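These notes are about the structure you will find just below.
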Amino acid sequence: MLDKTYQPETVEKKHYEQWESAGAFTCGARGNADPYTIVIPPPNVTGSLHMGHALNNTLQDILIRCARMRGRDVLWQPGTDHAGIATQMVVERQLAEEGKTRHDLGRDAFMDRVWDWKAESGGTITSQLRRLGASCDWSRERFTMDEGLSLAVRKVFVELFKKGLIYRDKRLVNWDPKLHTAISDLEVEQREETGKLWYFRYPVEGEEGTFLTVATTRPETMLADTGVAVHPEDDRFKHLVGKNCTLPIVGRIIPIVADDYANPEKGTGAVKMTPAHDFNDFEVGRRHNLKMVNILDKDACLNDNVPEAYRGMDRHDARKKIVEEMDSLGLFEKVEDNPMTIPYGDRSGVVIEPWLMDQWFVDARTLAGPAISAVEQGRTRIVPQQWENTYYEWMRNIQPWCISRQIWWGHQIPAWFGPDGEIFVEMTEQEAYAAADKFFEGEKVELTRDPDVLDTWFSSALWPFSTLGWPEQTPVLERYYPTDVLITGFDILFFWVARMMMMGLAFMGEVPFHTVYIHALVRDEHGQKMSKSKGNIIDPLDLIDRFGADALRFTLTAQAAQGRDVKLAESRVEGYRNFCTKIWNAARFCEMNECRPVDGFDPASPRLAVNRWIIGKLKEAADGATEAIDAYRFNDIADVLYHFTWGTFCDWYLELTKPVLMGDDEAARTETRATTAWVMDQILHLLHPVIPFITEELYQQLDANRASNLILSTWPELGGNLIDDNATARMDWVVRVVTAIRAARAEMNVPAGARVALQYFGASDQTRGFVDDHRDLVMRLARLESMDAADKIAKGALQIIVDETTFVLPLSGVIDLDAEQARLQKEIARLEGEIEKFEKKLGNEKFVTKAPAEVVETERERLNEATATRARVGAALERIQAAM
RNA sequence: GGGAGCGUAGCUCAGCGGGAGAGCACUGCAUUGACAUUGCAGGGGUCACUGGUUCAAUCCCAGUCGUUCCCACCA
């Protein structure tokens with residue numbers, strides 16, 4: 001017996017364990033079936049589940065469960081990411097609370113500490129994914145710093161280095177003065193701010209009283225100026241090109257050069273050059289052989305390359321002091337407000353400094369080529385397609401990828417330096433020494449390994465094949481690569497998707513996935529991004545606790561329309577929890593009425609119209625769900641199943657069949673029980689990918705003899721002629737008549753409980769047939785006492801027009817004639833509006849000649865129908881008026 | 001500066017070249033047999049604005065306004 005209410009927490013736990021122990025998640029059991037593979041976007045190993053994960057993994061689980069039910073050999077490859085900077089920051093914060101830094105511990109002890117933290121918190125996110133219902137193959141769980149995956153990282157690094165696609169270079173990088181590491185362009189967040197623009201006079205050397213005014217947003221960088229640039233065509237400055245300025249405060253003589261970069265429209269037209277601290281100036285400096293003077297240390301404080309008074313100062317303090325000193329020298333001209341973008345580190349939140357240093361880079365431009373063509377040729381499809389443009393845009397303008405990080409948690413770069421800076425990149429230290437031996441021709445040297453680690457995204461880029469065993473050529477790799485679809489948020493399109501494309505093509509020679517489905521962000525109900533500081537974070541686990549995992553999953557699915565953010569309101573979750581309750585109660589109804597699944601039930605077999613009708617509707621819903629899944633239209637899946645289950649099955653079918661179930665026609669009862677059970681069962685199948693827990697529970701409870709789990713059963717693919725036009729016509733008629741009577745009764749305040757007599761007038765033969773066949777149904781659902789033909793209409797009765805028939809509730813003296821008159825007049829006004837519209841359209845010759853014939857025909861039918869109904873309602877109105 | 005999305009009922013959003021939809025909220029009625037986490041019925045919208053294409057535009061095109069986001073090294 002089913003409990004009176006659905007208890008998610010016990011059911012969810014029970015079935016998840018059952019699925020796992022039944023091996024339902026394990027790949028490879030269906031050796032002959034087509035494989036279907038998804039790799040999970042690996043969450044941060046020390047993180048916890050947020051709404052974005054909940055959405056992302058719900059969508060994956062829907063595809064995975066559906067594919068499994070459709071007979072595929074499914075692999076959902078799970079795992080976690082070491083998330084270098086993020087994880088290291090967490091552990092460093094813990095250390096800070098103990099008053100320590102990582103340097104107090106030293107590298108090895110610090111690494112142990114992070115591994116401990118990983119061991120402690122690493123299970124959180126995976127257990128939360130289980131609570132969500134994610135049917136990952138946990139036996140294959142991987143971590144980006146596993147031995148095998150680390151081997152893959154080294155192998156890729158070494159091979160790319162040997163091909164010249166990874167190189168070490170001295171360039172300006174984005175330096176994070178708080179985290180003390182370089183970061184990639186993608187990790188820099190540009191923020192719009194109102195800054196200032198200061199105008200300074202630089203004396204021209206040897207020309208007393210002549211000044212060149214430059215404008216700058218960063219006064220402190222003037223200490224590193226090594227030139228001034230003007231545009232070659234700028235007549236104001238032509239005569240100064242080739243001369244020098246004396247850099248105030250510092251006293252350095254710096255050249256005035258002509259370069260196209262200088263924009264006559266910007267600032268004063270003369271721009272100071274700071275090649276060691278500005279990306280543009282760096283390029284100009286290269287072109288003109290300007291000196292590179294680095295004035296910052298790793299904390300972004302001024303170093304010994306500046307006048308003594310400034311040494312050790314913070315960059316912000318230095319700015320103030322520079323402006324003051326320039327002012328006191330009479331070289332400060334003015335200051336203006338200036339809207340500008342300032343670079344911030346996305347993790348640290350501090351202003352990033354361009355800093356000149358040696359780092360490792362990937363030649364992304366070369367790797368991007370094949371990744372661009374793969375999408376152009378459709379070997380990988382991006383859904384929704386508009387994201388392809390974004391992908392192309394970025395890939396075609398891709399910059400060298402800075403992959404070295406000055407942190408400890410991550411994959412240490414397999415590069416060893418010799419005594420004079422020679423670089424040996426090898427898989428192991430042993431091989432590095434061997435290479436060094438060869439290089440130094442037997443001379444014994446000491447090698448030191450590069451202390452830096454790789455950008456986290458370097459290892460994530462290998463995820464689709466490193467998790468499957470690469471570089472070994474394993475059967476699993478052979479079978480499941482390339483994967484089928486990748487599901488991810490647009491926020492990591494560049495970070496991750498683009499890089500997987502590059503690495504997959506470079507090392508596997510094949511795209512990593514055929515389809516990339518990009519979903520939106522989950523926001524709060526007002527469209528605000530969820531953040532700790534705003535305090536508007538909704539915790540998925542909290543919602544699961546309160547409403548059940550299924551309710552949360554259904555909500556996310558129903559809102560996952562392509563190309564739009566998901567705005568999550570708790571009222572929605574509550575609404576879909578109610579949907580789960582509805583299903584539960586429908587199942588209880590089945591149980592109470594002994595609607596048990598019948599083995600080998602043939603959906604073409606029922607004879608009763610109501611049964612043939614619901615089977616037809618079910619087929620439509622099932623086809624709709626399948627189409628929606630294949631098109632990644634997740635919200636449509638939810639929508640079509642919601643409306644079929646609640647609106648069609650519960651609200652109509654279960655009500656329509658009650659008379660049969662309670663009647664004494666044994667054959668009809670048996671057929672209806674079997675049909676009800678079968679449709680219920682199909683509903684459970686169709687809903688299972690979205691709401692796996694409650695459907696599994698009901699599937700098992702509704703038939704104690706079931707040998708297998710719903711998770712492993714077969715997706716409904718209903719063939720052939722299950723849609724019966726005759727059954728549809730009659731049942732749709734019943735629905736129409738019942739609805740019309742109910743509406744009229746409600747509007748005219750006929751007491752809901754009152755059983756009233758109904759007469760019908762002017763019915764066609766077909767309608768009379770429908771009445772004869774379905775009289776009991778209409779009487780029951782519309783609360784009628786009787787239903788008889790009449791040859792005239794009683795005076796002052798309530799009249800309801802459906803199609804050609806006038807239904808009459810002879811309530812003379814009971815109903816309010818004025819109200820009835822008003823009701824009919826309103827109906828007439830509506831009909832006349834329609835008629836006018838149709839007539840105007842059909843009176844337009846261009847419409848009749850140019851529009852498709854079937855459209856014209858439809859409009860004609862509508863006009864005829866409206867006209868006929870108008871006449872009948874008019875007659876009804878006259879009768880009422882006669883009675884007044 | 002470049003690009004993209006969005007603007008439809010009070011709120012959150014589907015839809016989309018030929019009769020404006022859902023959920024929630026709101027109003028009225030209904031409680032002894034699946035379900036009040038319910039049922040029945042109802043109110044509510046110049047589909048942002050202006051032009052254009054078309055027999056026909058909420059839908060396609062252009063522009064405007066508003067809004068969100070992405071990319072970009074501009075003193």
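All values reported here derive from a predicted model rather than from experimental measurement.
Ring planes of A:W394 and A:F494: parallel class, angle under 30° (limits at 30 and 60°). Classified by interplanar angle (parallel below 30°, tilted 30° to 60°, perpendicular above 60°), the ring pair A:F649/A:Y653 is parallel. The aromatic rings of A:W646 and A:F579 sit parallel, their planes meeting at an angle under 30°, below the 60° perpendicular limit.
Residue-level contact check: A:C650 touches the bases, meaning some heavy atom is under 4.0 Å from a base atom. Contacts of A:W646 with the nucleic acid, taken as non-hydrogen atoms under 4.0 Å apart, involve only primed sugar atoms and P, OP1 or OP2. Among the heavy atoms of the strands, none lies under 4.0 Å from A:E591. The residue A:K4 sits close only to the backbone: its heavy atoms come under 4.0 Å of sugar-phosphate atoms, none of a base. Counting non-hydrogen atoms under 4.0 angstrom, A:T341 reaches a base of the nucleic acid. At a threshold of 4.0 angstrom between heavy atoms, the contacts of A:F494 are confined to the sugar-phosphate backbone, with no base atom among them. The residue A:G269 sits close to a base: some heavy atom pair falls under 4.0 Å. In this structure, A:D651 reaches the sugar-phosphate backbone alone: every heavy-atom distance under 4.0 Å involves primed, P, OP1 or OP2 atoms, never a base. Residue-level contact check: A:R742 touches the backbone only, with heavy atoms under 4.0 Å from sugar-phosphate atoms and none from bases. Nucleic acid contact for A:K196: none, since no nucleic acid atom lies under 4.0 Å from a heavy atom of the residue. No contact: A:T390 has no heavy atom under 4.0 Å from any strand. Within 4.0 Å (heavy atoms only), A:A262 reaches at least one base atom of the nucleic acid.
When Watson-Crick and G-U wobble pairs are counted only if both distances are under 3.5 Å, B:G51 pairs with B:C61. Pairing partner, B:U67: B:G5, with both Watson-Crick or wobble hydrogen-bond distances short of 3.5 Å. Base pairing of B:U27 is made with B:A41, judged by Watson-Crick or G-U wobble geometry with both donor-acceptor distances under 3.5 Å. Look at B:A34: it lacks any Watson-Crick or wobble partner with both distances under 3.5 angstrom. The base-pairing partner of B:G17, taking Watson-Crick or G-U wobble contacts with both distances under 3.5 Å, does not exist among the strands shown.
Nearer to the 5' terminus of RNA chain B, by closest-nucleotide assignment, is the contact made by A:N585 (compared with the other of A:T217 and A:N585). Take the nearest nucleotide of RNA chain B for A:D639 and for A:V214: the residue whose nucleotide is more 5' is A:D639.
Regarding contacts with the backbone of B:A56, every side-chain N or O of A:K840 stays at 4.0 angstrom or more from both OP1 and OP2. The side chain of A:R633 places an N or O atom within less than 4.0 Å of a non-bridging phosphate oxygen (OP1 or OP2) of B:G15. For A:N578 and B:U38, the shortest distance from a side-chain N or O to OP1 or OP2 is below 4.0 Å. Using a 4.0 Å cut-off, some side-chain N or O of A:R862 falls inside it from OP1 or OP2 of B:G19. Residue A:K582 places no side-chain N or O under 4.0 Å from the OP1 or OP2 atom of B:U38. Between B:C55 and A:K846, no contact under 4.0 Å exists linking OP1 or OP2 to a side-chain N or O.
Residue A:P852 has its side chain nearest to B:C55 when only B:A34, B:C55, B:C40 are considered. When distances are taken from the side chain of A:Q559 to each of B:A41, B:U12, B:C24, the shortest belongs to B:U12. The listed nucleotides are B:C70, B:G19, B:A41; the one nearest the side chain of A:A743 is B:A41. Picking from B:A22, B:C40, B:G18 the nucleotide with the shortest atom distance to the side chain of A:K841 gives B:G18. Looking at the side chain of A:A752, the nearest of the listed nucleotides B:A22, B:G19, B:A30 is B:A30. Picking from B:C35, B:A30, B:G23 the nucleotide with the shortest atom distance to the side chain of A:R588 gives B:C35.
If you take CE of A:M395 and P of B:A72, they are 14 Å apart, rounded to a whole angstrom. The interatomic distance linking A:I694 (CD1) with B:C35 (C1') rounds to 12 Å, in whole Å. Atoms CD (A:E574) and C1' (B:U38) sit 14 Å apart, rounded to a whole Å.
A:Y576 and A:A558 get closest at one heavy-atom pair: OH-CB, 3.6 Å.
Test A:V660, A:D681, A:L654 against A:T676 for side chain to side chain contact (heavy atoms under 4.5 Å, CB included) and you get one pass: A:L654.
Checking A:E187 against A:S184 by side-chain atom types alone, a donor-acceptor pair falls below 3.5 Å. A:E574 and A:N578 share no side-chain donor-acceptor pair at under 3.5 Å.
Between B:A9 and B:A4, the two P atoms lie 26 Å apart (nearest whole Å).
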